[in-house]
Amino acid sequence: PAASGGRGGGGSRRSVGGGSESTAAAEATARAAVDRVRRGEAKQHDALRGAQVVNLRVSSFRDMPREEAERRLAELRCLVKSRGARVLLVVEDLKWAADFWAAAHTGARRVGSGGGGYYCSVEHVVTEVRALASCDGGIWLVGFGTYQTYMKCRAGHPSLESMWGLQTLAVPAGSLALSLTCAFDDR
């Protein structure tokens with residue numbers, strides 16, 4: 001249940017996504033994998049060796065004035081850059097982000113369609129996360145949720161799935177057996 005995405009340098013895809021039957025199972029499994037990285041227990045995985053974990057709550061940007069959003073995004077960029085070449089950027093509220101994005105980018109309900117002075121701080125952070133995950137370097141984007149959350153990530157034009165390069169990794173109900181081997185061996 002780690003829904004994640006991002007692109008690293010050289011065009012290699014750094015995406016893992018996941019879903020579980022319950023949010024609690026998804027969160028527990030994803031947090032266990034992230035905690036292994038945080039404790040430095042991912043040494044057998046070259047891509048994650050020495051990775052630093054940075055947490056992000058997309059919902060904290062809701063209704064934020066442009067100046068404040070720009071300041072916080074500049075802080076995020078600096079934090080990511082200061083952590084070195086390998087960063088695990090953890091989106092802690094993927095469900096909220098997916099719900100917001102799908103509602104804002106679906107058909108006639110598209111927020112901001114029409115008005116030249118439109119600004120949405122959540123759209124700004126989603127775009128910035130895309131840029132961070134797409135830049136050269138070892139930035140991984142990780143989140144977690146149920147299968148329904150992942151399907152919501154596929155809604156909208158463009159979808160959050162395409163913006164962040166999300167892929168799914170299914171974890172059977174009742175199983176906390178997700179290991180970094182399962183999630184990251186395709187590198």
Side-chain angles (χ1 to χ4, degrees), residues 1-8 11-34 37 47-48 53-64 69 72-73 76 80 87-113 120-135 138-173 175-176 178 180 182-184 186-187:
S4 80
R7 297 183 198 287
S12 66
R13 192 165 179 97
R14 297 176 189 267
S15 300
V16 177
S20 179
E21 292 180 16
S22 77
T23 303
E27 184 174 350
T29 304
R31 288 199 187 280
V34 169
V37 172
L48 294 174
V53 177
V54 175
N55 295 318
L56 173 68
R57 294 194 67 74
V58 176
S59 59
S60 70
F61 284 82
R62 184 176 183 145
D63 299 326
M64 187 177 287
R72 294 215 18 229
L73 288 169
L76 177 64
V80 166
V87 174
L88 205 61
L89 183 58
V90 180
V91 177
E92 295 183 326
D93 55 355
L94 182 63
K95 181 185 183 322
W96 186 91
D99 288 342
F100 182 93
W101 192 263
H105 291 85
T106 304
R109 295 192 59 198
R110 166 107 170 87
V111 173
S113 54
C120 176
S121 52
V122 174
E123 288 183 7
H124 192 164
V125 74
V126 166
T127 303
E128 184 64 31
V129 166
R130 178 185 186 188
L132 284 170
S134 297
C135 70
I139 298 175
W140 292 74
L141 177 59
V142 177
F144 46 85
T146 62
Y147 180 73
Q148 288 78 15
T149 298
Y150 178 72
M151 292 307 293
K152 188 70 80 153
C153 287
R154 299 181 77 184
H157 303 286
S159 69
L160 198 55
E161 175 190 41
S162 66
M163 290 288 291
W164 286 351
L166 298 175
Q167 293 182 350
T168 189
L169 172 66
V171 177
S175 171
L176 292 181
L178 175 68
L180 291 174
C182 163
F184 301 109
D186 65 339
R187 300 294 142 230

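- By the 4.5 Å heavy-atom criterion applied to side chains, Val53 and Val142 are not counted as neighbours.
- Residues Val122 and Arg62 share a closest heavy-atom pair of CG2-CA, 3.9 Å.
- Looking at heavy atoms from C-beta onward, Phe100 lies out of side-chain contact with Asp93 at the 4.5 angstrom threshold.
- Once rounded to the nearest 0.5 Å, the distance linking CZ of Arg72 with NE2 of His124 reads 12.0 Å.
- Here CG of Leu73 is found 8.5 Å from CG of Leu132. Values are rounded to the nearest 0.5 Å.
- Closest heavy-atom contact between Cys153 and Ser159: O-CB, 3.4 Å.
- For the atom pair Glu161 CD and Lys152 NZ, the distance stands at 14.5 Å (nearest 0.5 Å).
- Put simply, the side chain of Trp101 gets close to the backbone of Pro158: a donor and an acceptor are under 3.5 Å apart.
- The only member of Trp164, Phe144, Trp96 that meets side chain to side chain contact (heavy atoms under 4.5 Å, CB included) when paired with Val91 is Trp164.
- Between Ala98 and Thr149, the shortest heavy-atom contact is CB-O, 4.0 Å.
- For the atom pair OG (Ser162) and NE2 (His157), the distance works out to 10.0 Å, reported to the nearest 0.5 Å.
- When all heavy atoms of Ser121 and Asp63 are compared, the closest pair comes out as OG-N, 3.6 Å.
- Remark: Thr146 OG1 to Lys95 NZ distance equals 7.0 Å, nearest 0.5 Å.
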